Undergrad: 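First, the structure itself, so that you have it in front of you.
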Amino acid sequence: MNDAFTPPPHPIPTPAPDQPFGAGPPSAFAPPMPWKKRMRIVGWVLAGLVALLLLIIAWLAVTAPLSRSLQPIAPPSISLMSADGHLIARRGAVIDKPVTVVELPPHVPQAFMAIEDRRFRTHWGIDPRGIARAAWHNLWSDGSSQGGSTITQQLAKGVFLSSDRTFGRKAREALIAFWLEAWLTKDEIMERYLSNVYFGDNVYGLRAASLHYFNRKPERLTIPQAAMMAGLLKAPSRLAPTSNLKGARTRANLVTQAMVDAGYLTTADRNALRPARLDVREEPESTSGTYFADWVLPEARDRAGAVYGAQNVTTTLDWRIQRLAEAAIRRAPLGQAQAALVAMKPDGNVVAMVGGKNYKTSSFNRAVQAKRQPGSTFKLFVYLAAFREGMTPEDEIDDTPITTGTYRPANHGGKYRGRITLRQAFAVSSNVAAVRLTQKVGVDKVIKVARDLGVTAPLTEDLSLALGTSEIPLIELAEAYASVAAGAYPVMAHGLPPEERGWFEKLMDRQRRFGEDQLGMIRDLLSSAANRGTGSAAALRTSTFGKTGTTQDSRDAIFVGYAGGLVTAVWIGNDDNAPLPGGAAGGGIPARIWRDFMGRAINEPVEQVEPAEQDSDLVNAIANVTVETGVGNMTLGIDSEGMTVRLGPNGTLRLPTDTPLPDTAPPPRIAPTQPPLGEEEPVPQ
């Protein structure tokens, strides 16, 4: 007998640590899951659903904030007003304040519910019955279709979503509809809906539509009028009663029948209704300042922001002055040429702007958008640069042909005057003198003056710059001359009153003042040019300062100047840059437009006296006169001081207000003097 131990053929099972001793092996079929474990799984599922719901709510809060349902679905209407309260132009959709349901007659919301969403008061944002009905109708109809969207869904789509027909968009629409129903009352949803929907004729919202079509507030709408309003929503552009009254009334009849079917009206009441009659309230049309409106609108929109309703934005434009500017352009003998005018105060407040002869035929704003050569008006910067370098109006320069170098400009008509003062050179607009000055002070210093006075356009860095060969917008020329009028630079043109600035902005104000000597000298030259030089056709009875400009082949003719606290720039030319007929110059039509406009704008009209009423010799002599006074050895003459004598009312003589004769002077003696100083100098290329 073998006493050795023999292991059994199968190992003895060892109980698990948590298994009672003696327990057998686990059964082949697991016992049912304990109820606690099942509860834990259910809890995790519910937690996941809650987390998903919170994520959806967070997403909706970000992508569909309730506050947006109060905002218009179209850009706010901007009404631009002149400084004195006249409507200049209106831009954007016509909208108005939201409506309040409790203030409306019951039949107004009922009309919309009857035709758009009969179960609006009972559903939770989506109407399954309405969807099924629409689907059934669309399946068996002969081409007509019905929508199953509720009023809440329409609000969700109009305010938050695009109009594409994808499944994803419809799913988002349903979620947002539930979201709106959860947080807003039925009346609040209806108010937002009625205040946003489109009613045709560029009109959004029930209040604006009621005033537009019936000239009455929505709180006073009759049943036929409410039915017509509700009927427009199916096809507002096609059914607008101003263009399709028959179609609008036919649709209104369907609405009133729907009101009967919904129990809002009896058949007898419905049959007693008469069709709604229109009383269209025409919106005031823009009659003035349209070019100005286009220019100022972007900033006006920024200031108006996203505030609901029509916004009135007050501008700097002066209604009276604007109409005078338009009239002056209309009166000018322009032929086929175009014209532009911009007028501003020395502080940059633009009070008038004309960008062309006719806005309806061309909305291109030649006062702002066009870049044309300024011609001799650019000489302002050349002479200022010379004064910065220590020169004076009494300094002399050669007005003789340039015979050296590669750039050899010539004076108009080949006229040269030899050695003349800077005052004379500026008055007769000598080209060769301007080029010699630029060569002497340096092109870079002329450019520096132009930049200081607000010119931002690219400038050529050669001697031709002196004659205005670089293209500059007319409004930038006006800004530069406004700097001289203000005595400080730069002056920035603006169409809206400046906003209140903080202390830091005031501290960082970069505006600088001219030196008194420089300012007096450049004003002296501008007065000389406007009163006895090439710009004499612009001279007013009051102190007048300005400069003419004419480009090669008379492609551009310009006059820029100021008087009576108003700075004005006038340009004429052809859009295709073709030469103007008859050799037009800045001292011709532009100067006369300027004088015609400015004389009325500053309330100092130039009086026209017929020559037949006066002594013919006196009339012939008035073009150039010398005024002599016997005060010691002093003689005041037109050559030394740039003084002029104007023929006033009743044949009297009038001196400019800035150069009065001494009180002790005897009556002035008038005598003819030298020939006229010269014509405008075109810019050689």
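Numbers for residues simply follow the sequence, beginning at 1. Not measured: the values here are computed from a predicted model.
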Undergrad: Do the non-hydrogen side-chain atoms of D347 and P498 ever get within less than 4.5 Å of each other?
TA: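 Of all side-chain heavy-atom pairs linking P498 with D347, none is under 4.5 Å.
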Undergrad: Pair I126, Q153 - check side-chain contact (heavy atoms from CB on, under 4.5 Å), show working.
TA: CA-CA 7 Å; I126 294 177; Q153 286 177 276; 4.1 Å; yes
Undergrad: Check for me whether the distance between the ring centres of Y291 and Y359 falls short of 6.0 Å.
TA: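 Close enough - the centres of the two rings lie under 6.0 Å apart.
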Undergrad: Would R372 and L474 satisfy side-chain contact (heavy atoms from CB on, under 4.5 Å), going step by step from the backbone distance to the final call?
TA: CA-CA 8 Å; R372 304 293 291 246; L474 187 67; over 6 Å; no
Undergrad: Can you check whether K360's main-chain N or O pairs, donor with acceptor, with N358's side chain at less than 3.5 Å?
TA: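 A pair under 3.5 Å: yes.
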Undergrad: In the structure I gave you, are the side-chain heavy atoms of T242 and Y213 within less than 4.5 Å of one another anywhere?
TA: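 In contact.
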Undergrad: Quick one: do the D269 and T266 side chains pair a donor with an acceptor below 3.5 Å?
TA: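 Short answer, yes.
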Undergrad: Please find the pair of heavy atoms, one from A337 and one from N574, that lie closest to each other, and give the distance.
TA: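 Closest pair (atom of A337, atom of N574, distance): CA-OD1, 3.4 Å.
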Undergrad: First locate atom CD1 of I88, then atom CG of L297, and finally report the distance between them rounded to the nearest 0.5 Å.
TA: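 So the CD1 of I88 and the CG of L297 are separated by 11.5 Å.
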Undergrad: Quick check: do M113 and R119 have side-chain heavy atoms less than 4.5 Å from each other?
TA: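 With C-beta onward as the side chain, the pair stays apart.
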Undergrad: Working to the nearest 0.5 Å, report the span between CZ of R320 and NE2 of H86.
TA: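 If we round to the nearest 0.5 Å, R320:CZ and H86:NE2 are 11.0 Å apart.
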Undergrad: For N349 and M344, indicate whether the former's side chain and the latter's backbone hold a donor-acceptor pair under 3.5 Å.
TA: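 Checking the backbone N and O of M344 against the side chain of N349, no donor-acceptor pair under 3.5 Å is found.
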Undergrad: Can you see which heavy atom on K186 is nearest to which on F120, and at what distance?
TA: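 What the structure gives for the nearest pair is NZ-O, 2.6 Å.
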Undergrad: If the threshold is 4.0 Å, N to carboxylate O, is there a salt bridge linking R270 and D261?
TA: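 So R270 does not pair with D261 through a salt bridge.
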Undergrad: Counting only heavy atoms from other residues, nucleotides and ligands, does the tally under 6.0 Å from NZ of K345 exceed 12?
TA: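 Check fails, neighbour count at 12 or below.
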Undergrad: Is there a donor-acceptor contact under 3.5 Å from the side chain of H494 to the main chain of M492?
TA: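 Pair found, side chain donor or acceptor close to backbone of M492.
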Undergrad: Keeping E479 on the side-chain end and A493 on the backbone end, is there a donor-acceptor pair under 3.5 Å?
TA: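 Yes.
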Undergrad: For P473 versus A457, what's the shortest heavy-atom pair and its separation?
TA: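 Distance-wise, the nearest heavy atoms are CD-CB, 4.2 Å.
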Undergrad: Counting distance only, does the side-chain N/O of S195 pair as donor-acceptor with the main-chain N or O of G205 below 3.5 Å?
TA: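 Looks like no, no N/O pair under 3.5 Å.
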Undergrad: State whether the side chain of Q225 and the backbone N or O of T222 hold a donor-acceptor pair below 3.5 Å, judged by distance alone.
TA: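 Checking the backbone N and O of T222 against the side chain of Q225, a donor-acceptor pair under 3.5 Å is found.
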Undergrad: Look up atom CG in N202 and atom NE2 in H212, then write down how far apart they are to the nearest 0.5 Å.
TA: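 Answer rounded to 0.5 Å: 9.0 Å.
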Undergrad: With a 4.5 Å heavy-atom cut-off, do V342 and T568 have their side chains touching?
TA: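 Side-chain contact under 4.5 Å: no.
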Undergrad: Decide side-chain contact (heavy atoms from CB on, under 4.5 Å) for Q338 and W571; before the verdict, give the C-alpha distance in whole Å, the side-chain angles of both, and the deciding distance to 0.1 Å.
TA: CA-CA 8 Å; Q338 279 288 352; W571 166 89; 4.1 Å; yes
Undergrad: List the atom of F199, the atom of L194, and the distance in Å for their closest heavy-atom pair.
TA: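 Minimum heavy-atom separation between F199 and L194: CE1-O, 4.2 Å.
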Undergrad: Could you check whether any side-chain N or O of T316 sits under 3.5 Å from a backbone N or O of V350, counting only pairs where one atom can act as donor and the other as acceptor?
TA: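 Side chain of T316 to backbone of V350: a pair is present.
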Undergrad: P275 and R249: which non-hydrogen atoms are nearest, and at how many Å?
TA: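 P275 and R249 have their closest heavy atoms at CB-NE, 3.8 Å.
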Undergrad: With rounding to the nearest 0.5 angstrom, report the CZ to CZ distance, R216 to R207.
TA: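 Spacing of CZ (R216) from CZ (R207) equals 14.0 Å.
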Undergrad: Indicate yes or no for a side-chain donor-acceptor contact from Q322 to the backbone of M353 under 3.5 Å, with no hydrogens or angles considered.
TA: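 Yes; at least one donor-acceptor contact below 3.5 Å.
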Undergrad: Looking only at side-chain N and O atoms, does D187 offer a donor or acceptor that is under 3.5 Å from a partner on T185?
TA: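 The criterion, which ignores hydrogens and geometry beyond distance, is not satisfied for D187 and T185.
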Undergrad: Decide yes or no on side-chain contact (heavy atoms from CB on, under 4.5 Å) for M190 and I151, but give the supporting numbers first.
TA: CA-CA 8 Å; M190 179 63 75; I151 283 177; 3.7 Å; yes
Undergrad: Considering residues, nucleotides and ligands other than R451, do more than 12 of their heavy atoms fall under 6.0 Å from its CZ?
TA: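 Yes.
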Undergrad: For R274, I'd like to know if atom CZ has over 12 heavy atoms of other residues, nucleotides or ligands within 6.0 Å.
TA: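 Incorrect, the count does not exceed 12.
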Undergrad: Is a donor from one side chain sitting under 3.5 angstrom from an acceptor on the other, for E191 and T100?
TA: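 Result is no, nothing qualifies.
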Undergrad: State whether a side-chain donor-acceptor pair under 3.5 Å links E181 with T152.
TA: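 Indeed, the side chains of E181 and T152 share at least one donor-acceptor pair under 3.5 Å.
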Undergrad: Side chains of P346 and V491, heavy atoms from C-beta outward: is any pair under 4.5 Å?
TA: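 Contact flag for P346/V491 side chains = no.
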Undergrad: Using 0.5 Å steps for rounding, measure from the CG atom of L239 to the CG atom of L245.
TA: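 Between atom CG of L239 and atom CG of L245 there are 11.0 Å.
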Undergrad: Is there a side-chain contact between W295 and N365 in this structure, where contact means two heavy atoms from C-beta onward sitting under 4.5 Å apart?
TA: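 Contact flag for W295/N365 side chains = yes.
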Undergrad: Could you check whether any side-chain heavy atom of L221 comes within less than 4.5 Å of a side-chain heavy atom of L206, counting everything from C-beta outward?
TA: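 When only atoms from C-beta onward are counted, L206 and L221 do touch, with a gap below 4.5 Å.
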Undergrad: Contact between L273 and T256 at the side-chain level, heavy atoms closer than 4.5 Å - yes or no?
TA: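 Of all side-chain heavy-atom pairs linking T256 with L273, at least one is under 4.5 Å.
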Undergrad: Rounded to the nearest 0.5 Å, how far apart are CG of L180 and CD1 of I189?
TA: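 If we round to the nearest 0.5 Å, L180:CG and I189:CD1 are 6.0 Å apart.
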Undergrad: How far apart are the closest heavy atoms of A226 and F112, and which atoms are they?
TA: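 So the two residues come closest at O-CE1, 4.5 Å.
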